[in-house]
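The structure appears below as structure tokens.
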Amino acid sequence: MDGAVAGHTVDILVLKLTVTPVLIGVSALIGRRWGPGLGGWIVGIPFTSGPIALVLSVSQGGHFAGDTAVGILAGTGSEAMFCFAYAWAASRFTWTTSLTAGVIGFAATTTTLALLRLPLSVAPALAIAVGGVALALALSPRAADGLTRSTAGGRVGIGDIATRMVVATTAVLLLTSTATLLGSTLTGLLSPFPLFGAVMMVFSQRLQGGGGGIAAARGLLWGLFGAAFFFLVLATLLPRYGLIAFVPAVLADLVAQAVTLPMVRQRGPASGPRPPEGAAA
């Protein structure tokens with residue numbers, strides 16, 4: 001038994017150390033080729049919270065993992081508030097202030113949900129997730145070329161991409177090593193913290209100014225619809241069907257991503273104030 005547990009732990013560690021850097025590397029290359037909007041959109045795929053739900057399904061059972069999926073679904077609303085706060089700050093300030101604003105937005109929303117001690121179920125969690133994403137998209141600023149190919153993308157070098165991969169992988173290891181100590185609901189609320197998205201936004205803003213950070217934030221917001229439907233399926237089916245629920249969940253995510261992709265690729269007019277000179281420093 002101890003050997004099986006140890007082997008399982010090693011497998012999960014290998015998963016963290018391979019999936020995370022590969023995803024960040026791919027998203028960085030996409031951002032380099034087509035702009036930060038598409039880079040942000042692809043990191044909306046739940047490659048952090050999804051594996052957490054998978055691990056909990058194996059180690060804690062379908063009911064615990066299903067409760068966690070409900071928490072993650074509600075926590076998607078907190079992730080949307082991170083994107084909104086980051087985009088709002090990126091239109092005015094540097095990346096350090098923007099990142100701080102995003103973290104505060106996520107923490108404030110998550111703390112509110114935790115302190116309210118709502119008896120979360122699938123329907124209200126879905127309303128929080130979809131409502132939060134829609135509201136953030138409606139209110140966040142737009143960049144003139146934010147959702148199309150960036151002329152500055154060629155400045156992203158191999159060293160920059162490697163740094164993103166190291167930062168994101170380290171953050172995933174820290175989060176997942178402590179998440180299961182918090183209980184299913186709080187684990188679910190914390191799991192959607194946008195580790196990949198934050199890395200994408202920061203590096204996009206550093207290289208391209210506020211418009212790059214805004215584009216990455218809005219791209220992630222469109223990608224969150226797929227994540228919401230992924231965890232809607234898991235929350236509904238995991239308690240009854242176990243691991244097989246991941247199959248329709250992945251399909252639901254892919255369909256939602258396909259539907260939102262045209263929205264990410266389209267060119268939108270600029271709205272809101274432009275970033276000040278030197279904002280990308």
Legend entry - Check: Ser98 and Met201 side chains under 4.5 Å, non-hydrogen atoms: no
Legend entry - Test side-chain contact (heavy atoms from CB on, under 4.5 Å) applied to Tyr241 and Leu243, Leu238, Leu237, the passing residue: Leu237
Inset, instruction - Would you kindly confirm whether Phe84 and Val202 end up in one hydrophobic cluster when ILVMFWY residues are joined by side chain heavy atoms under 4.5 Å apart? - result: no
Legend entry - Leu261 vs Leu38 side-chain heavy atoms within contact, under 4.5 Å: yes
Inset, instruction - Report yes or no: do Ile128 and Leu135 belong to one cluster of Ile/Leu/Val/Met/Phe/Trp/Tyr joined by side chain heavy-atom distances under 4.5 Å? - result: no
Legend entry - Point-to-point distance, once rounded to the nearest 0.5 Å, from CG of Leu126 to OG1 of Thr76: 9.5 Å
Inset, instruction - For the residue pair Tyr86 and Pro194, establish whether any side-chain heavy-atom pair is separated by less than 4.5 Å. - result: no
Legend entry - Contacts of type side chain to side chain contact (heavy atoms under 4.5 Å, CB included), residue Ala87, not counting sequence neighbours: Ser140, Pro141, Ile214, Ala217
Inset, instruction - Determine, using the 4.5 Å side-chain heavy-atom cutoff (strictly less than), whether Val133 and Leu254 are members of one ILVMFWY cluster. - result: yes
Legend entry - Phe231 to Gly50 - nearest heavy-atom pair and separation: CZ-N, 3.8 Å
Inset, instruction - For the residue pair Leu220 and Met200, establish whether any side-chain heavy-atom pair is separated by less than 4.5 Å. - result: no
Inset, instruction - Give, for atom CZ of Phe230 and atom CG of Leu224, the distance between the pair rounded to the nearest 0.5 Å. - result: 13.5 Å
Inset, instruction - Flag the pair Leu137 / Phe225 as yes when at least one side-chain heavy-atom distance between them is below 4.5 Å, and no otherwise. - result: yes
Legend entry - Non-hydrogen atoms of Ala53 and Leu234 that approach each other most closely: CB-CD1, 4.2 Å
Inset, instruction - Indicate the atoms forming the closest heavy-atom contact of Ala89 with Ala101, along with that distance. - result: CB-CB, 3.9 Å
Inset, instruction - Tell me whether Val70 is reachable from Leu232 by hopping between hydrophobic residues (I, L, V, M, F, W, Y) whose side-chain heavy atoms are closer than 4.5 Å. - result: yes
Inset, instruction - Might you point out which heavy atoms bring Trp41 and Gln257 nearest each other, and give the distance in Å? - result: CZ2-O, 3.2 Å
Legend entry - side chain to side chain contact (heavy atoms under 4.5 Å, CB included) partners of Thr97, counting only residues at least two apart: Phe93, Thr94
Inset, instruction - Count the heavy atoms of every other residue, nucleotide or ligand shown that sit under 6.0 Å from CG of Leu139, and state whether that count exceeds 12. - result: yes
Inset, instruction - Apply side-chain contact (heavy atoms from CB on, under 4.5 Å) to Val103 and Phe193, showing your working. - result: CA-CA 9 Å; Val103 172; Phe193 184 83; 4.1 Å; yes
Inset, instruction - Output yes when a side-chain donor or acceptor of Ser91 lies under 3.5 Å from a complementary backbone atom of Trp88, and no otherwise. - result: yes
Inset, instruction - Calculate, to the nearest 0.5 Å, the distance between atoms CE and CZ belonging to Met81 and Phe106 respectively. - result: 11.5 Å
Legend entry - Contact summary for Ala80 and Ala136, nearest pair of heavy atoms: O-CB, 3.7 Å
Legend entry - Flag side-chain contact, heavy atom, 4.5 Å: Thr109 against Phe82: no
Legend entry - Side chain Ser78, main chain Ala74, donor-acceptor under 3.5 Å: no
